[in-house]
Undergrad: 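Below: one structure in structure tokens.
Every number for a ligand or one of its atoms is a count from 1 in the order of the listing.
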Amino acid sequence: MNHQPTRRETLRYFASTAFGAFALSGCASLSRSPKPSGPPNIIYIMSDDHASHAISAYGSKLNQTPNLDRLAKQGMRFTQCFCTNSLCGPSRATLLTGKYSHMNGYTVNDRKFDGAQQTFPKLLQQAGYQTAMIGKWHLGSTPTGFDFFSYMPGQGRYIDPEFVDMDGQKRVTKGYITDIITDKVINYLDTRDKTKPFCLLYHHKAPHREWTPDAKHANLYDNIDLPEPPTFNDDYANRASPARSTDMTIAKSLTKTDVKADPPPGLTPEQLKQWKYQRFIKDYCRVIASLDDNIGRLLDYLDKTGLADNTIVIYTSDNGFFLGDHGWFDKRFMYEESLHVPFIVRYPGHIKPSSVTNAFALNVDFAPTFLDYADAPIPKDMQGRSLRRVFESNNTPTDWRKSIYYHYYEYPGPHKVQPHYGVRTDRYKLIYYNTVNEWELFDLQTDPHELKSVYNDPAYAAIRSQLESELNRLRTDLKDTAP
Ligand SMILES: [Ca+2]
């Protein structure tokens, strides 16, 4: 399953598709100017905790994100991109290594990432790229494999953040973090070695807790209420016990730092929960408004400098997020809102504008994808596969994966979500909570909100058995031997 297509196979596949034939025959309507030759630049934009259902290109009912929509309009949007362990640090370690948490050693937050191991930035350097990382790092150790970095220690602060620079010194920059990270990115692009292709990781803190907006967006949504999600009052019946025992509810787990005010007196518990949700979700969307503005600023810069033509631009998030869904904030669970990540990619002349794919993509795929585009060998021990064939065709390749594996470890952590692992197909999801020995099975077609486990329903016995086999197969293939 880890067969990586050669360049020739990729080209053959590309040519066999209607779009490919069209593109290879001249690509007239996609070209704006003669294409620069040589490997593409790569700008990988990753935010922190940005759920795809807070992006208008993904049908958000909450907010507008015109610049992310612009990227989607110029490129391809993935509807089924997933993280493999929905947590900040583990997701970043997976990005760098192309490996699941159990293989790269970074299973839970607040460890030190082993930067001596193989990572894609090091391999890109060997392939002649210059590499840079700007913004949130959150891996405990000093970045390796980068020709340039400037990162915030730990989580970073929204206001007047501190950065660690190449000389190891910490420096405070006055201002708002999302603006500052983007300033640093543009400064890097201006001053980089222009004789080499580059790969830039542009990593935002936004919209991570505690969702502090900038002054420009602080009053957005002041006079309206944002809608509550359909599962806002989930009672966690008909499921395994872990959903009932978390510490991440809107009703009880949001702190005064999160909601930034005292509630009005005399509210009923139901009204208090609604008040807290409005405080949280408005700040979350305000922080995203600044994020979207700044991504627009970068896209404008790429247009103005002509870099847009030979640069792959990706937007994604390290993990999904519950936006009041199931009565929660935060992530961790294998449930849809946390498992899904946005993934939008633009590469003019190579990826069809306004295209949408339902192919399953995983964050283990990102490293192999970058290496594929750099024409660098993809190491056999990377566990993902290059997405290039998906990017450059209109159809999911026939040999593409039909299921995905997920494994979450951190407990109790700040939110008391029990460890679990599982498998998801296009229609079903099987989850095993290994520490409490409980299972859940969801039929996403009849129960898209995952409110009723059918694990013990005799009607699903055959499906359950198939999914158990598939889960075992994935665990064996991926060498996950944890209990
Ligand atoms: Ca995160």
Undergrad: Restricting to side-chain contact (heavy atoms from CB on, under 4.5 Å), what partner residues turn up for T79, sequence neighbours left out?
TA: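 Per chain and number, T79 pairs via side-chain contact (heavy atoms from CB on, under 4.5 Å) with R77, V356, N358.
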
Undergrad: Can you list the residues that meet the side-chain contact (heavy atoms from CB on, under 4.5 Å) rule with T357, with sequence neighbours excluded?
TA: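 Partners of T357 by the side-chain contact (heavy atoms from CB on, under 4.5 Å) criterion, ordered by chain and then number, come out as M76, F78, A359, V390, T396.
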
Undergrad: Centres of the H208 and Y158 rings: under 6.0 Å?
TA: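 No, the ring centres sit 6.0 Å or more apart.
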
Undergrad: Going by side-chain contact (heavy atoms from CB on, under 4.5 Å), name the residues that satisfy it together with Q74, two or more places apart in sequence or in a different chain.
TA: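 Only R70, R346 meet the side-chain contact (heavy atoms from CB on, under 4.5 Å) criterion with Q74.
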
Undergrad: Is the shortest distance from a Lys or Arg side-chain nitrogen in D234 or R239 to a carboxylate oxygen in the other one below 4.0 Å?
TA: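 The answer is yes: the pair qualifies as a salt bridge.
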
Undergrad: In terms of relative ring orientation, are F321 and F329 parallel, tilted or perpendicular, with 30° and 60° separating the classes?
TA: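 Judged by the thresholds at 30° and 60°, the geometry between F321 and F329 is tilted.
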
Undergrad: Can you list the protein N, O or S atoms less than 3.0 Å from the Ca ion (ligand 1)?
TA: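 Within the sphere that stays under 3.0 Å of the Ca ion (ligand 1), the protein atoms of type N, O or S are D48 OD1, D49 OD1, C88 SG, D318 OD1, D318 OD2, N319 OD1.
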
